[in-house]
Amino acid sequence: HTRYWRDWSSDVCSSDLSLAQTATGNTGSMIQLKDASGQIVVTGEDNKSINTWLLKNFSKGNVVFTDGKNSSETSMNYSMLTGELCFMSEGLLYKVNKPVKKFSLTETTENNSEQLRQFENGFPAIDKNTPATFYELIFEGTKWIVLKYWYMQPRERTEYGGTTEKTFITLSDYYLFNQSSNTLQFLGDRLSVKKLTKAMPELQSAIMQWVEKNPASMKADADFVKLLHDIGGNP
């Protein structure tokens, strides 16, 4: 069932993270949405909520704070709607409000193996994103880092009979960070060989040679990670 929003600011947080409790949570899989006036956003069917979480299930997470301290929780997740790192404790949802530099989440894949997903902030501001924005690290070389920004945007959907409902869709954008020049480039909502060669002209020859030897289509993030790893990614 849905646990509606409550102000936990007067409670004491018992987590090892020693963080303030969130005022926006429920039992873990969903979050109720509210607009600026505090009204619950209509998202479709009665009592239906929007799943804002990056991972299907809350899982083990490790956090590095801006002060250099580390902590971990066994039930963490990242909200693509609010851009906040959250964790569950005793059936209640908390948000991490102590400044975070980076964190990792352990995701269980379909074949029951574990995949470590790493996130970091502190990159240059670009468009609507600020240095506080978290990005997933897709590839990290000594010069180039490929980043992925996850977020959600509202959409209006017209049902049969003319009824308009508000829903949210999950989106992601890719960026290329040059560590030498401390610059961030927008690559679009998907990776492509053309975009990479344009963004990294000094690697164009190596990229094209690799593609010729590996003619399989380049669609998944893992394909581009292998490409960059194989050619070094660090001219």
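- Ring-centre distance between F177 and Y175: not below the 6.0 Å cut-off.
- Between I207 and L227, some side-chain heavy-atom pair lies under the 4.5 Å cut-off.
- A heavy-atom distance below 4.5 Å is found between the side chains of D221 and Y174.
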| message | Go through it in stages, so that I can follow the logic: the residues are F123 and Y149, the test is side-chain contact (heavy atoms from CB on, under 4.5 Å), and I'd like the CA-CA distance, side-chain angles, deciding distance and then a yes or no. | response | CA-CA 12 Å; F123 298 97; Y149 169 57; over 6 Å; no
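- Side-chain contact between L196 and F224 is present, with heavy atoms from C-beta onward closer than 4.5 Å.
- Nearest approach of L105 to L85, heavy atoms of both residues: CD2-CD1, 4.4 Å.
- The minimum heavy-atom distance linking G83 with Y78 is given by the pair CA-OH, 3.3 Å.
- Between the side chain of D127 and the backbone N or O of N129 there is no donor-acceptor pair closer than 3.5 Å.
- Two residues are said to be in side-chain contact when any heavy atoms from C-beta on lie closer than 4.5 Å; K102 and L137 fail this criterion.
- Of the possible polar contacts, one joining the S59 side chain to the T106 backbone as a donor-acceptor pair under 3.5 Å is found.
- A donor-acceptor pair shorter than 3.5 Å can be found between the side chains of S79 and T52.
- Checked against salt bridge (Lys or Arg N to Asp or Glu O under 4.0 Å), K198 has no partners two or more places apart in sequence or in another chain.
- Side chains of M76 and V63 form a contact here, defined as non-hydrogen atoms less than 4.5 Å apart.
- Not a single donor-acceptor pair under 3.5 Å links the side chain of E84 to the backbone N or O of N97.
- Here CE of M208 is found 6.5 Å from OG1 of T197. Values are rounded to the nearest 0.5 Å.
- A distance of 12.0 Å separates OH in Y151 from CE in M80, rounded to the nearest 0.5 Å.
- Distance CG/L147 to OG1/T133: 11.0 Å, rounded to 0.5 Å.
- Here CD of E120 is found 6.5 Å from CD1 of I145. Values are rounded to the nearest 0.5 Å.
- Rounding to the nearest 0.5 Å places SG of C86 at 12.0 Å from CG of L54.
- Panel note: side chain K101, backbone N121; a donor-acceptor pair is recorded below 3.5 Å.
- Take K195 and apply the salt bridge (Lys or Arg N to Asp or Glu O under 4.0 Å) test, not counting sequence neighbours, and it matches no residue.
- Annotation: side-chain hydrogen bond (donor to acceptor under 3.5 Å, both in side chains) contacts of E107 (sequence neighbours excluded): R117.
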